[in-house]
Every structure is written in structure tokens, then in C-alpha cells.
2 protein chains.
Amino acid sequence: MRSPAELSTAFRERGLKVTPQRQLLFRVLHGNMTHPTAEALFATASELMPGISLRTVYQTLNDLAAMGELQVLHFASGSTRFDPNVVDHHHAQCDRCGDLRDVYVQRLDELQVHGFDGFASRRASIVFGGLCPACQSISDNNPT
Amino acid sequence: MRSPAELSTAFRERGLKVTPQRQLLFRVLHGNMTHPTAEALFATASELMPGISLRTVYQTLNDLAAMGELQVLHFASGSTRFDPNVVDHHHAQCDRCGDLRDVYVQRLDELQVHGFDGFASRRASIVFGGLCPACQSISDNNPT
DNA sequence: TGCTAATTCGCACGACTTGCAGATCACGGG
DNA sequence: CCCGTGATCTGCAAGTCGTGCGAATTAGCA
Ligand SMILES: [Mn+2]
Ligand SMILES: [Mn+2]
Ligand SMILES: [Zn+2]
Ligand SMILES: [Zn+2]
């Protein structure tokens, strides 16, 4: 996702207005590495602008996603997560606490895939499952 | 997922009863390559056993998943899909029609991953995006 | 055959997201 | 700087997907 200033320009170019609510969300999202849900963003935004509505958060997230400024991620846990990091990357999620981190994968092209049968693959998205460092130590102390 | 007969035994061993509804679902799921949703299974099951409830379908799917007989898949499209193929495999999904197919990937261990930072990866799940053969010819005729 | 715990089913409810409409606001033009 | 107009905001209703609940039914066992 681009900077708040660049996004403001991009919105106006599309005939979209740059409202205080949108500017706030631009700032909250920019460089955000937490892969937040709409609810989480709403909570953060509400502290800075009491009264902002959840509906507006969804609206703006959808606009940003449509402009390719956000990646939309779907995991097991109920709700959608939004990722301002649109650089080609993948994710590692902790089985225990759900923590989600970015990982960068090289040599994807060396994978040998059977079963495409004419399927034209354009992109791959990898989710690694395992335990984050914090949950590893917990598991060490309290083995299940 | 094992055969209906084996599942019946496994259910009884766990103190779960083998009802006609469950037996039907065992049969509908066994060898099913469509990655069906609960609704899709309900539709198929309803033809063979009018009156079966969607609630029972969900119940049985959850039981099977808890026993490791089904994989639970979450994609962008709204609802959960269930996969009786529990052999280690991955998926390719058509961007246009949503068709989902199994693919088998080798040399996963040769991937170079940056960003784990102590994350203990135990498993990876890859989703390839692209166009299925049918949708490729449509795109050829009607380029967007 | 009879007991009992498990299951089924329908409905209500919960989580998440979108549709809707009136009040409000951003912003280009005068 | 002010206006007009269309985009936006907000609260609420509604939609979708899945689960909790409880009365009636049933599988499995003695
Ligand atoms: Mn990310
Ligand atoms: Mn599969
Ligand atoms: Zn963790
Ligand atoms: Zn297709």
C-alpha cells in the first residue's frame, strides 16, 4: 500500500473523496504488519476518531482492495484479514496463537507440480503452519 | 477418508453411532473429488434421503474432520469446503470459474524461506491461482 | 425386548459482511 | 469565498454461513 499522501491523490483521481475517516484509515494501515481484521482496524480507528462507523471501515477497505492497495486474506479463523503489504510474499501462521507473519519465498519455480493437466498457473500462495517462537517455549514447558 | 465400512467401525470405536444419515454421508463423500461445501453435500444427500437436515450434515462433517478423515479448506469464496483426500496435497483454483483441483507438489523442502525468525514450520499449504483449461479457451475467444 | 446415551432436526441465535436511505460533507466551479 | 451536486457517512436492517439448544427419536447393548 502506498503512503497516505499518494493514496489521497489516487482516490481523487478516481473521483473518490478524501474524507477524514479515509485519511485516518490510510494512516492506520500504512506499514501495518499485523494483518488486521476489519474489527481490529475499527477498534484502533475508534480510539483516534470516536464515532467512526464499522461500515465506513469496511467501505474503505473494499475500496483499497479494489485499487490493489490491499491484499485480502482468508484463513481458518472467521474473519477476513487485510494486508497492506502487496509485495509478493507468503505467510506463516502459528497453530496455537494464530500469529501471522510475512515470509519471503525463493525458488518457487523449482517446485515440481503434478496434476495441473492444462491448468495455467499464474501465481501461488503459500501458508506455512507451525509454532511461533513464543508458543514453542510454552509447548516445551507444558507438553500436551 | 477411509471407506464407509471402515468409518462405521471407527465411529463405533469412538462411541459414536452409525446412523443411516451418517452412512449416507460416508458414501457421498468417499472418493468425492469436488471439494464440496456443506450445502452441496446437503443437496446431494437430500436427493437420496429426503428430509435429512443441513444441521446433521454439518454435524457429521465436523465429526469426520475431528477424526482427521476430512480436510477443511477455506478459500476466498464464502463457504468452507471439505476434502476427503487427506493425503498430502495442494490445490489449484481457477480465478474465473472457481474450479478446484488437487495437485501434488515435490521438492517443497528446496524452497528458500526468509522471515521465519524462529517460527517452527511443520507444514505448508499451497494454493495455485490461474485459469483452468475450459476458462483459458473462453479467455482466448473473449479477451478482456 | 428394554434401557440409555447419542443423534436428529428445526429453530433461534451469533459472527461477519453488505444493502439501504437520509443526513452530511468534499470539492470544483462561479 | 460560497454553492451545488454527487460522493460519503452512519445506523440499522438484512443476508450468509455456521453453531447452540432441546424435545423427540434411535442405535447399540444387556
Ligand atoms: Mn502479509
Ligand atoms: Mn484436495
Ligand atoms: Zn504462537
Ligand atoms: Zn475455470
Side-chain angles (χ1 to χ4, degrees), chain A residues 4-5 7-26 28 35-67 70-83 98, chain B residues 4-5 7-26 28 35-43 45-46 48-67 70-83 98:
Chain A
L7 290 175
S8 295
T9 302
F11 265 56
R12 290 204 184 89
E13 281 174 357
R14 288 199 164 210
L16 302 176
K17 295 181 177 175
V18 177
T19 66
Q21 290 88 346
R22 284 177 175 174
Q23 293 179 65
L24 171 60
L25 290 167
F26 293 168
V28 172
H35 303 90
T37 62
E39 287 284 353
L41 287 166
F42 174 60
T44 302
S46 293
E47 292 176 10
L48 302 168
M49 182 186 284
I52 190 174
S53 87
L54 178 58
R55 191 67 186 79
T56 298
V57 174
Y58 273 109
Q59 177 74 256
T60 302
L61 289 170
N62 288 341
D63 289 341
L64 286 167
M67 295 169 64
L70 285 183
Q71 227 184 115
V72 180
L73 304 175
H74 300 270
F75 293 92
S77 62
S79 47
T80 305
R81 307 181 77 151
F82 296 87
D83 193 348
Chain B
L7 290 176
S8 295
T9 303
F11 265 56
R12 291 203 183 88
E13 283 173 356
R14 288 198 163 209
L16 301 177
K17 295 180 177 177
V18 177
T19 65
Q21 290 88 341
R22 285 176 173 173
Q23 294 179 66
L24 171 60
L25 289 167
F26 294 168
V28 172
H35 303 89
T37 62
E39 286 285 352
L41 286 166
F42 174 61
S46 292
L48 302 167
M49 181 186 284
I52 190 174
S53 88
L54 178 58
R55 189 69 186 79
T56 297
V57 173
Y58 273 111
Q59 177 74 258
T60 301
L61 288 170
N62 288 341
D63 290 340
L64 286 166
M67 294 169 65
L70 285 183
Q71 229 185 114
V72 181
L73 304 176
H74 301 270
F75 293 92
S77 60
S79 48
T80 305
R81 308 181 73 150
F82 297 88
D83 193 348

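Nothing here was measured: the structure is a model prediction, and the numbers come from that model. Letters A, B, ... mirror the listed sequences (proteins, then strands); counts begin at 1.
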Mind checking the [atom1]-[atom2] spacing from [X] to [Y]? Nearest 0.5 Å is all I need.
{"X": "Leu61(A)", "Y": "Phe82(A)", "atom1": "CG", "atom2": "CZ", "value": "4.5 Å"}
{"X": "Leu73(A)", "Y": "His74(B)", "atom1": "CG", "atom2": "NE2", "value": "14.0 Å"}
{"X": "Asn62(A)", "Y": "Leu70(A)", "atom1": "CG", "atom2": "CG", "value": "9.5 Å"}

Could you state the [atom1]-[atom2] distance from [X] to [N], rounded to the nearest angstrom?
{"X": "Phe75(A)", "N": "dC16(C)", "atom1": "CZ", "atom2": "P", "result": "16 Å"}
{"X": "Arg55(A)", "N": "dA14(D)", "atom1": "CZ", "atom2": "P", "result": "15 Å"}
{"X": "Phe26(B)", "N": "dT7(C)", "atom1": "CZ", "atom2": "P", "result": "10 Å"}
{"X": "Gln21(B)", "N": "dT7(C)", "atom1": "CD", "atom2": "P", "result": "11 Å"}
{"X": "Arg14(B)", "N": "dT7(C)", "atom1": "CZ", "atom2": "C1'", "result": "17 Å"}
{"X": "Phe11(B)", "N": "dC29(D)", "atom1": "CZ", "atom2": "P", "result": "15 Å"}
{"X": "Leu54(A)", "N": "dG19(C)", "atom1": "CG", "atom2": "P", "result": "14 Å"}
{"X": "Ile52(A)", "N": "dC9(D)", "atom1": "CD1", "atom2": "C1'", "result": "9 Å"}

With sugar-phosphate taken as primed atoms, P, OP1 and OP2 and all else as base, the protein-contact string of nucleotides 23-30 of chain C at under 4.0 Å (heavy atoms; B, S, -) is ---BS---
Salt bridge (charged side-chain N to carboxylate O under 4.0 Å, His left out) filter on Asp83(B), not counting sequence neighbours, yields none
Taking only side-chain nitrogens and oxygens of [X], does any of them come within less than 4.0 Å of OP1 or OP2 of [N]?
{"X": "Arg22(A)", "N": "dA7(D)", "value": "no"}
{"X": "Thr80(A)", "N": "dT17(C)", "value": "yes"}
{"X": "Ser53(A)", "N": "dG11(D)", "value": "no"}

Exercise for review: Identify the two heavy atoms, one from Gln59(A) and one from Arg22(A), that lie closest to each other, and give their separation to 0.1 Å.
Suggested key: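 For Gln59(A) versus Arg22(A), the nearest heavy atoms are CG-NH2, 4.4 Å.
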Go through Gln21(A) and Thr60(A) one step at a time and tell me if the side-chain contact (heavy atoms from CB on, under 4.5 Å) criterion holds.
CA-CA 9 Å; Gln21(A) 290 88 346; Thr60(A) 302; 5.8 Å; no
Sugar-phosphate, base or nothing in reach of Glu39(A), heavy atoms under 4.0 Å:
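Here Glu39(A) touches no strand at all.
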Item to complete: Would you indicate what Thr37(B) reaches in the nucleic acid, counting non-hydrogen atoms under 4.0 angstrom: base, sugar-phosphate, or nothing?
Response: nothing
Any side-chain heavy atom of [X] sitting closer than 4.5 Å to one from [Y]?
{"X": "Ser79(B)", "Y": "Glu39(B)", "answer": "no"}
{"X": "Leu48(B)", "Y": "Val28(B)", "answer": "yes"}
{"X": "Leu25(B)", "Y": "Leu64(B)", "answer": "no"}

#### Entry: Positions of residues 57-66 of chain B (non-hydrogen atom under 4.0 Å from DNA chain D), listed by number
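Listed by number, they are Tyr58(B), Asn62(B).
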